[in-house]
Amino acid sequence: MEGGLGGNTVPPNSMDKSKVLDVKPLRTLVPLFPEASEGTPFVCVPPNGPFPSGFSPFFPFSGSQGSQSTPDLNQNDFNSTAVPLRSFRAEPNGQNTYGSHKHKSAGSSSVKKKAKRIKDSEFVLTALSNFNPGISLSERDDGNRELVENVLLRFDALRRKLSQMEDARESHSSITKRADLKAGNMMLSKGVRTNMKKRIGVVRGVEIGDIFFFRMELCLVGLHFPSMAGIDYMVNKGDLEGEPVALSIVSSGGYDDDAEDPDILVYSGQGGNASRDKEASDQQLVRGNLALERSLHRANEVRVIRGLKDAIHQTSKVYVYDGLYKIQESWMEKGKSGCNMFKYKLVRVPGQAVAFATWKSIQKWKEGLSSRVGLILPDLTSGAESIPVSLVNEVDDEKGPAYFTYFPTVKYSKSFKLVQRTFGCTCHDACQAGNSNCSCIQKNECDFPYTANGILVCRKPMIYECGPSCPCFRNCKNRVSQTGFKVHLEVFKTRDRGWGLRSWDPIRAGTFICEYAGEVIDEIKARQDGGDGENNEYVFHTNRLYESFKWNYETELVGEEGSDSTEDFDIPSPLTISAKNSGNVARFMNHSCSPNVFWQPIMYEHNNEAVLHIAFFAKRHIPPMTELTYDYGIPHSNETESNNAAYGRKKCLCGSPKCRGYFY
DNA sequence: GCTATCTCACCTTG
DNA sequence: CCAAGGTGAGATAG
């Protein structure tokens with residue numbers, strides 16, 4: 001699923017590709033491509049192949065009682081490492097020594113220690129005293145895909161909320177702005193975590209190619225525990241020698257360890273750095289360095305997490321889980337300071353899904369050092385967006401989707417106006433998060449809807465942005481969805497679902513992706529127009545039934561009263577947008593029953609009229625080259641019955657374990 | 001031998 | 001560039 005670039009290029013069920021056109025900028029052309037009845041993106045083919053690997057069978061955990069038997073099918077972590085480590089054998093008393101905290105009672109030692117640790121931060125303790133993490137003790141030890149995603153989702157929701165609260169405070173500098181650490185601490189202390197048991201090799205539920213944006217996230221899902229240190233290891237006291245074993249490393253680019261080959265990593269040992277009150281010194285063969293040395297001899301697999309600069313937020317970092325490596329050799333060399341440094345050469349275990357290699361390729365495409373295979377058009381928007389959108393087909397010889405006019409936003413025809421006369425704010429610089437006088441912020445229940453770097457904090461029935469009618473600066477932070485998309489998108493041919501949309505850049509949860517552009521039409525007219533069902537593609541409806549999901553933070557975690565409100569919102573005025581003739585990249589987003597993108601209504605002023613837009617945001621962190629999908633929803637039953645033809649059911653090929661089997 | 005507490009270093013983050 | 005910051009290994013004391 002994730003990071004699936006390349007792979008096997010099996011030609012799909014072949015359609016007639018002979019009617020392919022010469023390639024010209026799409027937006028300027030009149031539609032002349034085949035009838036929608038042919039070459040429609042939503043062909044009905046039985047799903048081929050099994051579910052994506054790493055998806056353990058669906059296992060609901062929301063029931064808070066601890067279901068003891070976590071399904072453990074093929075992911076036996078010890079088997080898969082295939083390295084018989086003596087230190088892993090049970091001790092005489094049958095206990096696996098390290099990390100496997102004993103479940104004597106709810107107040108096990110580690111929990112007690114945590115509680116003590118945060119005792120001075122009464123905010124956390126009082127707010128959380130009755131909190132039920134919904135994760136059983138056994139699930140805390142050993143995770144699965146569902147749990148990992150759940151933990152990451154909850155962490156980020158909390159982190160965004162804490163960021164928002166920090167942003168709103170008066171900015172005297174003494175206040176710490178480390179929402180990531182605070183959120184991480186709260187999660188850990190309340191047991192919202194998984195894979196707590198330290199282990200060599202595979203971590204259940206974490207897939208190769210998964211991305212993270214904070215070191216705390218690595219810790220919460222059990223991939224790499226130290227919040228700063230680059231080497232994680234464990235010392236097994238049952239082992240006579242008491243030798244440490246390296247488990248995982250984070251390569252953050254702090255030391256220059258660059259290799260051409262993406263399967264090779266030369267990693268520097270830890271320590272010896274000069275700091276404010278310390279001279280550079282020789283590295284010592286202790287801690288992590290010792291563990292890596294021992295792991296070289298034991299030949300155990302080491303997880304590698306590669307830290308890279310985030311393409312969208314230049315100042316921050318992305319971490320990519322790049323799978324298992326083995327240490328091939330180690331040596332010592334003089335660093336820049338003239339002191340001794342340890343070096344470890346790690347080689348990727350063959351046969352694993354690609355991850356970091358994809359990133360390397362993308363980097364080369366961007367720098368123009370290598371050309372994108374299957375590239376049809378470098379920019380199908382012909383410059384209508386500030387960032388080009390590639391059109392690519394690596395699968396067959398179809399030369400492009402049916403023609404349409406590229407139009408970057410939503411068009412309201414004169415006869416149809418969803419408008420109310422309102423006015424924007426009166427701020428004369430950039431609207432400030434804590435400014436209670438800004439009327440645009442007031443409309444958002446006095447919460448600034450975005451964090452300082454433009455990430456959506458919460459889903460809401462409506463988000464009010466500052467608009468063209470507001471006198472505030474154009475770079476006001478409350479204009480996220482109207483300043484064009486920031487990720488490098490690509491329209492590509494999928495294997496069995498027509499054309500799809502994906503991104504070259506890694507995308508954080510809450511990132512604005514694009515809006516749904518097109519012509520606003522009447523729902524009734526839409527039904528008439530869409531008479532044969534096939535024409536119903538490229539239409540977006542707000543008034544369908546959507547599967548509910550939880551994305552916002554849990555109110556009890558930040559000490560707010562009241563139970564969490566539902567996130568099933570109604571749109572007061574239903575909106576139907578047709579992108580059949582003109583639209584933007586959003587029209588290529590396919591349906592999935594486990595989508596990674598959701599939509600959010602946004603309103604802002606234009607010529608003193610409030611206009612509604614539909615904006616798409618990332619539901620979770622999305623690795624590069626992962627298809628972007630959202631839930632198309634289900635038409636209300638009276639419509640499906642009376643208008644079955646217009647809302648033709650299509651077989652769903654999303655492949656998720658929760659697949660409903662069809663979509664509309 | 002065990003635990004509680006302290007100190008320090010760690011490829012952090014904005 | 002810097003300072004606040006969480007974690008856990010290791011040291012020390014009881």
Side-chain angles (χ1 to χ4, degrees), chain A residues 98-99 101 109-110 112-121 124 155 159 162-163 166-167 169 171-189 193 196 198 212-220 222 224-237 242-258 265-281 283-284 286-292 304-310 313-320 335-336 341-344 346 451-455 508:
Chain A
Y98 194 93
H101 57 262
S109 61
S110 67
K112 251 188 278 174
K113 192 176 158 197
K114 283 280 147 44
K116 203 161 270 172
R117 200 168 245 295
I118 56 167
K119 65 172 176 251
D120 43 342
S121 128
V124 174
F155 166 80
R159 188 195 61 79
L162 294 171
S163 279
E166 296 287 2
D167 289 347
R169 297 215 321 232
S171 56
H172 22 16
S173 53
S174 65
I175 289 168
T176 108
K177 298 188 78 175
R178 290 299 301 271
D180 57 319
L181 296 180
K182 200 184 271 178
N185 191 345
M186 290 163 86
M187 302 277 288
L188 292 171
S189 65
R193 63 182 302 183
M196 250 176 112
K198 284 203 170 192
F212 307 87
F213 290 85
F214 294 92
R215 288 288 298 262
M216 271 301 189
E217 295 178 318
L218 304 177
C219 174
L220 289 169
H224 183 91
F225 286 76
S227 58
M228 288 175 138
I231 306 168
D232 196 7
Y233 58 98
M234 62 192 225
V235 184
N236 200 318
K237 289 167 190 134
E243 287 190 337
V245 192
L247 304 175
S248 55
I249 56 173
V250 180
S251 153
S252 290
Y255 302 64
D256 35 289
D257 32 40
D258 219 14
L265 173 65
V266 176
Y267 193 83
S268 307
Q270 62 186 190
N273 291 319
S275 68
R276 201 159 27 101
D277 38 29
K278 210 179 58 173
E279 296 272 296
S281 58
Q283 291 186 341
Q284 307 294 309
V286 293
R287 302 164 186 263
N289 299 346
L290 182 61
L292 286 172
V304 166
I305 299 109
R306 301 212 183 222
L308 300 144
K309 197 184 267 182
D310 185 354
H313 307 107
Q314 288 291 332
T315 51
S316 59
K317 247 176 211 162
V318 201
Y319 297 95
V320 192
K336 277 189 214 124
M341 296 181 86
F342 292 102
K343 292 279 181 174
Y344 302 89
L346 292 99
T451 63
N453 52 9
I455 302 281
R508 269 194 202 196

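Below, chains carry the letters A, B, ... as their sequence lines are ordered, and counting in each starts from 1. No experiment lies behind these values; they were computed from the predicted model shown.
Each of dG6(C), dC10(B), dT13(B) was ranked by its minimum atom distance to the side chain of Ala229(A); first place goes to dC10(B). Taking only side-chain atoms of Tyr267(A), from C-beta outward, the nucleotide of dC11(B), dT13(B), dT7(C) with the closest atom is dC11(B). Closest approach to the Lys198(A) side chain among dT13(B), dA9(C), dC11(B) is made by dA9(C) (side chain taken as heavy atoms from C-beta onward). Distances from the side chain of Tyr233(A) to the nucleotides dT13(B), dG10(C), dT7(C) place dG10(C) closest. Of the candidate nucleotides dT7(C), dG6(C), dG14(B), dG14(B) has the atom lying nearest to any side-chain atom of Ser316(A). In this structure, of dT13(B), dG6(C), dA9(C), it is dG6(C) that holds the atom nearest to the side chain of Ser227(A). When the nucleotides dG6(C), dG14(B), dG8(C) are ranked by their closest atom to the side chain of Phe225(A), dG8(C) comes out on top.
The distance between atom CZ of Arg287(A) and atom C1' of dT7(B), rounded to the nearest whole Å, is 10 Å. Nucleotide dT7(C) holds its P atom 11 Å from the CE atom of Met196(A), rounded to whole Å. The CG-P distance, from Leu308(A) to dC11(B), rounds to 17 Å in whole Å. The separation between Gln283(A) atom CD and dA9(B) atom C1' is 13 Å, rounded to whole Å. Between Arg159(A) atom CZ and dT12(B) atom P there is a gap of 17 Å when expressed in whole angstrom units. Computed from coordinates, the Leu290(A) CG to dC10(B) C1' distance equals 16 Å when rounded to whole Å. Leu218(A) has its CG atom 14 Å from the C1' atom of dT13(B), to the nearest Å. Here the C1' atom of nucleotide dG8(C) and the CD atom of Gln270(A) are 12 Å apart, to the nearest Å.
Although no hydrogens or angles enter the test, the distance criterion places a donor-acceptor pair under 3.5 Å between the side chain of Arg215(A) and the main chain of Ala229(A).
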Inset, instruction - Kindly determine whether Leu162(A) and Met186(A) satisfy side-chain contact (heavy atoms from CB on, under 4.5 Å), including the steps that lead there. - result: CA-CA 11 Å; Leu162(A) 294 171; Met186(A) 290 163 86; 4.1 Å; yes

Inset, instruction - Would you please test Ile249(A) and Leu346(A) for side-chain contact (heavy atoms from CB on, under 4.5 Å) and show each step? - result: CA-CA 10 Å; Ile249(A) 56 173; Leu346(A) 292 99; 3.8 Å; yes

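A residue-by-residue look at Gly269(A) and Asn453(A) shows that Gly269(A) has its nearest nucleotide of DNA chain B further toward the 5' end.
Taking side-chain N and O atoms only, Tyr344(A) has no distance below 4.0 Å to OP1 or OP2 of dC11(B).
Closest heavy-atom contact between Phe155(A) and Ala183(A): CE1-CB, 3.8 Å. Taking every heavy atom of both residues into account, Asp232(A) and His224(A) meet most closely at N-CE1, 3.5 Å.
Contacts of Asn273(A) with the nucleic acid, taken as non-hydrogen atoms under 4.0 Å apart, involve only primed sugar atoms and P, OP1 or OP2. Gly184(A) comes within 4.0 angstrom of nothing in the nucleic acid, heavy atoms only.
The distance from the CG atom of Asn289(A) to the CD1 atom of Ile231(A) is 5.0 Å, given to the nearest 0.5 Å.
Checking dC11(B) for Watson-Crick or G-U wobble geometry (two distances, each under 3.5 Å) identifies no partner in any strand.
Applying the 3.5 Å distance criterion, the base of dT12(B) shares a donor-acceptor pair with the side chain of Arg178(A).
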